[in-house]
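Below: one structure, written as structure tokens.
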Amino acid sequence: MKPKILLVDDDRPVLFLMTAIFRRAEYDVVAVLSAKEAIARLEQERFNVVITDYFLGDQTGEDVVAAVRQKQPGLKVIVVTGDVQRLPDNFGNCADVARVISKPFQLVDLLDAARDAILSGGGEAGLAERSRAEQQSAILLPKGVEEMVHRVVDQESIVAITDKKGTIVYANDRFCEISGYSRSELLGQNHRLLKSGQHPPAFYKNLWGTILNGRVWRGEICNRAKDGRLYYVDTTISPLRDEGLITHFIALRTDITARKEVEATLSEQRKREEDDRRMAALGRMANGFLHDLNNILTGVMGLATETGSAERDTLLYDAIGRMVQLTRTLRDFTTGQPILPETFLLNPLLKCACSLVRHRKGAPRALTITEQIAATREIEVTGNEGQVFEVVLNLIVNAMEASADLPHPHVVLRAEVNGTNVVIQVEDNGPGVPAALAKNIFEPFTTTKGDGRGIGLSVSKSIALAHRGDLSLERIGGDDTGACFQLTLPASVAKGSRAKEQEIPVGPKRVVLLSEDEAEVRRVIARDAAQIGLTVMNAVDVPDMLALASQMKEVLAAAIIDSCEIDSEQGAVACLRRLSPDLPIFLISAHLGGRGRTTTPWGEVEKIPKPFVSDELIKAVSAALK
């Protein structure tokens, strides 16, 4: 019968080595990482000796000793610690404590202590251990122990030991095998030899900061083998001490390359599914886009022939706003890239979604969509406009398809303000959601459609939550009533319309430098800037802009640059910042990812993507000058 040992240590490498040596010495070993686990094991199983670290996170070896005293009286405990000085007075003299061993320790000493503790207990276990000791006395030799540990470790893990500077002083066979380097090529080298370039400097800074402070570091590392191949290892690095001082580090690693490759394959598959979903949605929207754009352009062409009037200007402004809405939505759908949050009006978005579904290919001829939109024209939502549009469109399309087989399919879109939120409801007059599916309706692959994939509502839910809102099924329907879904988003009342005249900023700075190659854009910006008392100076190119900036430094209010200029060899932003560190700088381009502030090595700049209403740009300039 094998003696049974309970090993307790929150340091994985130490626990691993102790487990390996005692199993090789033919002990029955139970290894745990915490006092809590140890106490639970003491309630369930009988042991012949307990070996525990003293410092165990929130608990100590005293807690283990107390549990032994209560649950298995007479059982001996061996305590190991890296700081004997911090032990309570007379702790080592407790009747339950057979011995206190200081870290680092010789494994042979630990084997001796365990054997002595079992022998001192007498009884059948003591007699059995005495017999075993006589038969296996050779195992106590330090040289034999060292060879044995090497064999066990080489089979179980990828092991490296480095000095305090990170120089490799030991590499086992599996380390050589996975890295492709021979042992002679590894010894004396720094682990930088294996650096893959996949981790940022902060990753290694955190790793070294952890182990140099005496703590264990755990994580996944991507390394590069000698032949250039990347491989991944689940890693635990622990400090090794001599008389309390850190002298070396031991790293135990497990090859997880195969798992990471499977994860990458699944991630790529999910990306393809997302792309397929986006393209399918784009296909469904195409007819609606063309219909709306043709209608808008027809109106714009007609208005262009009229003489100027306030009514004409208002109609043109609204028409252009709708085209901006359509192009922004198309941009988000086709790129699929995360866009920086921006503030947008909700009303045009809702109306655009309804219009697209009405004219969607395959929509029932008898379909009616009723819009009950209360006071949302001045409601602003901050977030990704394309994503919010996608959620609303998905809800309306689902409602339309749910009632498509009825003689008179009907969809109702409601929107109203409730406190600081805007509540959007979409309901239909279809058969409703089956009760069996209602509970999991937002889970992936749950669908009420025979040919559906069950992804749309799951994605919509995640988008709503990401916008600090929610998407819920308010009514499952049935018995002559259809389903009703509710989207809730944080919102605020806009401070006046976008066409509102801006206040003239106070102060002596009145000149705005503009670098833009489109004459029409320059004319519109200059016109709107003049309305708030600013003078626009057009620069031919970046050198010209910098020359103007140097001449008019004292009256310079802001700079507006088409962002393609930012990569010029002169470095427009860098030079402007040197001339005027606090100068507001605005980047305008059709290639910007989204609107918002961004940080460069020379300070913050404001990005405003094209197309934009010029009033938006001047409003941002005005705000920066206050």
Side-chain angles (χ1 to χ4, degrees), residues 280-296 298-299 318-319 321-323 325-326 328-330 333 344-377 379 381 385-418 422-433 441 448-449 452 456-457 460 463-464 471-478 480-489 491:
L282 182 60
R284 292 195 300 267
M285 294 160 58
N287 278 17
F289 268 119
L290 291 174
H291 178 276
D292 265 22
L293 280 173
N294 284 334
N295 280 348
I296 296 169
T298 299
D318 287 344
R322 290 174 64 196
M323 285 193 288
Q325 169 71 54
L326 288 171
R328 282 179 175 174
T329 302
L330 184 60
F333 264 89
F344 56 91
L345 290 173
L346 186 63
N347 180 274
L349 182 149
L350 299 178
K351 288 186 172 295
C352 183
C354 289
S355 178
L356 290 179
V357 176
R358 285 191 185 98
H359 304 288
R360 178 178 179 266
K361 184 179 181 180
R365 283 182 173 272
L367 174 68
T368 58
I369 300 178
T370 302
E371 301 173 25
Q372 298 176 1
I373 303 174
T376 59
R377 188 164 188 81
I379 295 302
V381 174
E385 189 172 9
Q387 289 183 350
V388 173
F389 181 85
E390 180 179 356
V391 174
V392 174
L393 183 67
N394 186 54
L395 294 178
I396 300 174
V397 169
N398 285 349
M400 180 270 290
E401 292 178 343
S403 58
D405 294 333
L406 298 177
H408 302 288
H410 185 208
V411 175
V412 178
L413 172 71
R414 297 190 187 90
E416 63 180 5
V417 179
N418 185 357
V422 60
V423 178
I424 302 165
Q425 289 186 337
V426 179
E427 69 174 38
D428 58 71
N429 62 337
V433 177
I441 194 66
T448 61
K449 307 171 188 176
L457 284 176
S460 295
I463 290 174
L471 178 61
S472 59
L473 176 58
E474 288 299 294
R475 186 180 70 231
I476 66 172
D480 299 325
T481 61
C484 178
F485 286 84
Q486 178 171 295
L487 172 64
T488 304
L489 296 170

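These numbers come from a predicted model, not from an experiment.
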Check your understanding: Any side-chain heavy atom of C354 within less than 4.5 Å of one from I396?
Key -> yes

Check your understanding: Heavy-atom distance under 4.5 Å between the side chains of L489 and V388, does that happen here?
Key -> yes

Check your understanding: Is there a side-chain contact between N418 and E416 (heavy atoms, below 4.5 Å)?
Key -> no

Exercise for review: Among T370, I424, L395, find the one that has a side chain to side chain contact (heavy atoms under 4.5 Å, CB included) with L413.
Suggested key: I424

Practice item. Could you tell me which non-hydrogen atom of P407 sits nearest to which non-hydrogen atom of A366, and how far apart they are? Key: O-CB, 3.5 Å

Review point. What are the two closest heavy atoms between L393 and A353, and how far apart are they?
Key: CD1-O, 3.9 Å

Check your understanding: Looking at residues at least two apart in the chain, or sitting in another chain, which of them share a side-chain hydrogen bond (donor to acceptor under 3.5 Å, both in side chains) with S472?
Key -> E474

Check your understanding: Where the side chain of N429 meets the backbone of H408, is there a donor-acceptor pair that is under 3.5 Å apart?
Key -> yes

Review point. How far does CZ of F485 sit from CG of N394, to the nearest 0.5 angstrom?
Key: 9.0 Å

**Study point:** Side chain to side chain, N398 and L457, heavy atoms closer than 4.5 Å
**Key:** yes

Exercise for review: Run the numbers on V433 and I441 for side-chain contact (heavy atoms from CB on, under 4.5 Å), then give the verdict.
Suggested key: CA-CA 9 Å; V433 177; I441 194 66; 4.1 Å; yes

**Study point:** Contacts of T481 that satisfy side chain to side chain contact (heavy atoms under 4.5 Å, CB included) - sequence neighbours left out
**Key:** R475

Check your understanding: Measuring from L350:CG to I373:CD1, what's the distance to the nearest 0.5 Å?
Key -> 5.0 Å

Review point. Is there a side-chain contact between L406 and S403 (heavy atoms, below 4.5 Å)?
Key: yes

Practice item. Answer yes or no: is there an ion pair linking R414 with E427, defined by an N-O contact shorter than 4.0 Å? Key: yes

Practice item. Using the side-chain contact (heavy atoms from CB on, under 4.5 Å) rule, take V357 and I369 through it: C-alpha gap first, then chi angles, then the decisive distance, then the call. Key: CA-CA 9 Å; V357 176; I369 300 178; 3.9 Å; yes

Practice item. Any chance you could lay out the side-chain contact (heavy atoms from CB on, under 4.5 Å) test for V426 and V412, step after step, and finish with the verdict? Key: CA-CA 6 Å; V426 179; V412 178; over 6 Å; no

Exercise for review: Would you check if L367 and M400 make a side-chain contact, meaning some heavy-atom pair closer than 4.5 Å?
Suggested key: yes

Point to revise | Counterpart residues, side chain to side chain contact (heavy atoms under 4.5 Å, CB included), relative to A402 (two or more places apart) | key: D428

